[in-house]
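Throughout, residue positions are numbered sequentially from 1 according to the sequence presented.
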Amino acid sequence: MTAYLKLDHIDKSFARGGSTTDVLREVSLDIAKGEYISVIGHSGCGKSTLLNIVAGLTPATHGGVILEGAEVNSPGPDRAVVFQNHSLLPWLSVYDNVRLAVDKVFSGVKSRAERHDWCLHNLDLVQMGHARDKRPSEISGGMKQRVGIARALAMQPKVLLLDEPFGALDALTRAHLQDSVMQIHASLGNTVIMITHDVDEAVLLSDRIVMMTNGPAAHIGDVLDVPMPRPRRRLELVTDPAYLKCREAVLKFLYERHRFVEAA
Ligand SMILES: Nc1ncnc2c1ncn2[C@@H]1O[C@H](COP(=O)(O)OP(=O)(O)OP(=O)(O)O)[C@@H](O)[C@H]1O
Ligand SMILES: [Mg+2]
């Protein structure tokens, strides 16, 4: 079977002055269509670098990314990114932030009316239709993050790339947004790569959890299958033995096998 999305022997080094830092070494992973993958690992190990390589924002030093059989090495609407810090344009309304992306991707394909309806549809998906005329400064952090997700979804990407999308949010807002993303994933079947530091979030949302070793020259230390059936309900999972087992495996990886070593 050929993978839908293939990370193929990715190495990444950054050169500065006369010295080179090896950040990633031999990162390979086959991802199936519709799979929800989380990437977890200590700060600085190279998770964002890996996501940026998949997004086409950073070139790999060796190896590469293959999506549906074709190599991707520049940004494209088939791979939408949601960053941790909300990246909305502050001078545009919520609606116009989404509309800008929709116009860019669909201007030759959908009519004006269709594009309008499509923006509203995606804002409704994240329950932000009511705030369509507000500016980013007038809405909360969680709401901004919802709009960022709506904007990414509206591009109908083959792959959704999430870099700690809920990292800056309080626990309750975070839980609401995780539930929304689970529902969206269930109904649309997107292929997702999500970086997170949160073990519970990784176990709740993922089909597989990719655990990175510490850098330099970080690689995939282990990949954990998360077997609980969907739909998953967070309160029921708290006592589910399969959930607890996954949680333990990730915690052990992070805190026993690959303890965080603060750079000197
Ligand atoms: N443009 C760059 N030039 C030089 N070094 C870089 C560059 N981008 C990242 N690095 C280095 O690569 C390493 C990995 O960075 P990266 O941002 O991918 O880590 P991360 O795993 O996402 O960390 P965090 O969890 O803190 O977000 C770090 O040591 C960082 O200093
Ligand atoms: Mg990062």
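Although no hydrogens or angles enter the test, the distance criterion places no donor-acceptor pair under 3.5 Å between the side chain of K6 and the main chain of I31. Checked by atom type and distance alone, the side chain of T196 pairs as donor or acceptor with a backbone atom of D198 at under 3.5 Å. A distance-only check finds a donor-acceptor pair linking the side chain of E114 to the backbone of S111 [under 3.5 Å]. Between the side chain of E138 and the backbone N or O of R135 there is at least one donor-acceptor pair closer than 3.5 Å. For R115 (side chain) and K110 (main-chain N/O), a donor-acceptor pair under 3.5 Å exists by modelled atom type. Between the side chain of R151 and the backbone N or O of S87 there is at least one donor-acceptor pair closer than 3.5 Å. In this structure, the side chain of H42 does not engage the main chain of T213 through any donor-acceptor pair within 3.5 Å. Although no hydrogens or angles enter the test, the distance criterion places a donor-acceptor pair under 3.5 Å between the side chain of R230 and the main chain of L205. Checking side-chain atoms of T173 against main-chain N and O of L169 turns up no donor-acceptor pair under 3.5 Å. For D225 (side chain) and P227 (main-chain N/O), no donor-acceptor pair under 3.5 Å exists by modelled atom type.
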Margin query: The test is side chain to side chain contact (heavy atoms under 4.5 Å, CB included); show your working for V65 and E71 and say whether it passes.
Written below: CA-CA 6 Å; V65 177; E71 184 167 6; over 6 Å; no

Next item on the list: For the pair D163 and S48, evaluate side-chain hydrogen bond (donor to acceptor under 3.5 Å, both in side chains) and give the outcome as yes or no after the intermediate values.
Entry: CA-CA 7 Å; D163 192 348; S48 295; 2.8 Å; yes

Next item on the list: Dump the intermediate steps for side chain to side chain contact (heavy atoms under 4.5 Å, CB included) on I209 and V250, then the final yes or no.
Entry: CA-CA 8 Å; I209 302 174; V250 179; 3.9 Å; yes

Next item on the list: Run the numbers on R25 and D11 for salt bridge (Lys or Arg N to Asp or Glu O under 4.0 Å), then give the verdict.
Entry: CA-CA 4 Å; R25 168 119 15 110; D11 290 349; 5.4 Å; no

Next item on the list: Walk me through it: do V181 and F166 pass the test side chain to side chain contact (heavy atoms under 4.5 Å, CB included)?
Entry: CA-CA 11 Å; V181 166; F166 318 123; 3.7 Å; yes

Next item on the list: Apply side chain to side chain contact (heavy atoms under 4.5 Å, CB included) to V27 and H9, showing your working.
Entry: CA-CA 5 Å; V27 175; H9 298 91; over 6 Å; no

Note to self: Using the rule given for salt bridge (Lys or Arg N to Asp or Glu O under 4.0 Å), can you reason through R132 versus D96, listing the C-alpha separation, both sets of side-chain angles and the distance that settles it, and then say yes or no?
What the structure shows: CA-CA 8 Å; R132 53 185 268 197; D96 284 334; over 6 Å; no

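In this structure, the salt bridge (charged side-chain N to carboxylate O under 4.0 Å, His left out) partners of R208, at least two apart in sequence or on a different chain, are E35.
No chain of hydrophobic side-chain contacts below 4.5 Å, direct or via other Ile, Leu, Val, Met, Phe, Trp or Tyr residues, connects L89 to M143. A continuous path of Ile, Leu, Val, Met, Phe, Trp and Tyr side chains, each step under 4.5 Å between heavy atoms, connects L188 with I149, placing both in one hydrophobic cluster. In this structure, L100 is not a member of the same hydrophobic cluster as M155, with clusters built from ILVMFWY side-chain heavy atoms closer than 4.5 Å. L92 and Y95 sit in two unconnected hydrophobic clusters of ILVMFWY residues. Membership requires side-chain heavy atoms under 4.5 Å apart, directly or through other members. Both L161 and Y4 belong to a single network of hydrophobic side chains, linked directly or stepwise wherever heavy atoms of I, L, V, M, F, W or Y lie under 4.5 Å apart.
Across all non-hydrogen atoms, the minimal contact from T20 to S13 is CG2-CB, 3.5 Å. Here the shortest heavy-atom pairing between G129 and D124 reads CA-OD1, 3.5 Å. Looking at every heavy atom in both residues, L125 comes nearest to I184 through O-CD1, 4.2 Å. The shortest heavy-atom contact between K144 and L88 is O-CD1, 3.9 Å. Nearest heavy atoms, P59 versus K12: O-NZ, 2.7 Å. Closest approach of G215 to C45, counting heavy atoms only: N-CB, 4.0 Å.
Rounding to the nearest 0.5 Å places NE2 of H116 at 7.5 Å from CZ of R99. Note that CG of D78 and OG1 of T191 are 11.0 Å apart. Values are rounded to the nearest 0.5 Å. Here the CD atom belonging to Q145 is positioned 10.5 Å from the CD atom belonging to E164, to the nearest 0.5 angstrom. Put simply, CD1 on I66 and CG on D8 are 4.5 Å apart, with the number rounded to the nearest 0.5 Å. The distance from the CD1 atom of I10 to the CG atom of L7 is 4.5 Å, given to the nearest 0.5 Å. Rounding to the nearest 0.5 Å gives a distance of 4.0 Å between OG1 of T58 and CG of N52.
Between I53 and L24 the shortest side-chain heavy-atom distance falls below 4.5 Å. Using a 4.5 Å cut-off on side-chain heavy atoms (C-beta onward), L160 and Y36 make no contact. Looking at M212 and I220, their side chains come closer than 4.5 Å, going by heavy atoms from C-beta outward. Side chains of E201 and R174 form a contact here, defined as non-hydrogen atoms less than 4.5 Å apart. Taking the side chain as every heavy atom from C-beta outward, D200 and V203 never approach each other to under 4.5 Å. The shortest distance between side-chain heavy atoms of N122 and V126 does not fall below 4.5 Å. Taking 4.5 Å as the limit, some side-chain heavy atom of D240 sits within range of a side-chain heavy atom of L237. Taking the side chain as every heavy atom from C-beta outward, V81 and R79 never approach each other to under 4.5 Å.
By the 6.0 Å contact criterion, NE2 on H62 is open, its count of non-hydrogen atoms from other residues, nucleotides or ligands being 12 or less.
Here ring pair (Phe, Tyr, Trp, His ring centres under 6.0 Å) pairs that include residues 197-245, with residues two or more places apart or in two chains, number zero.
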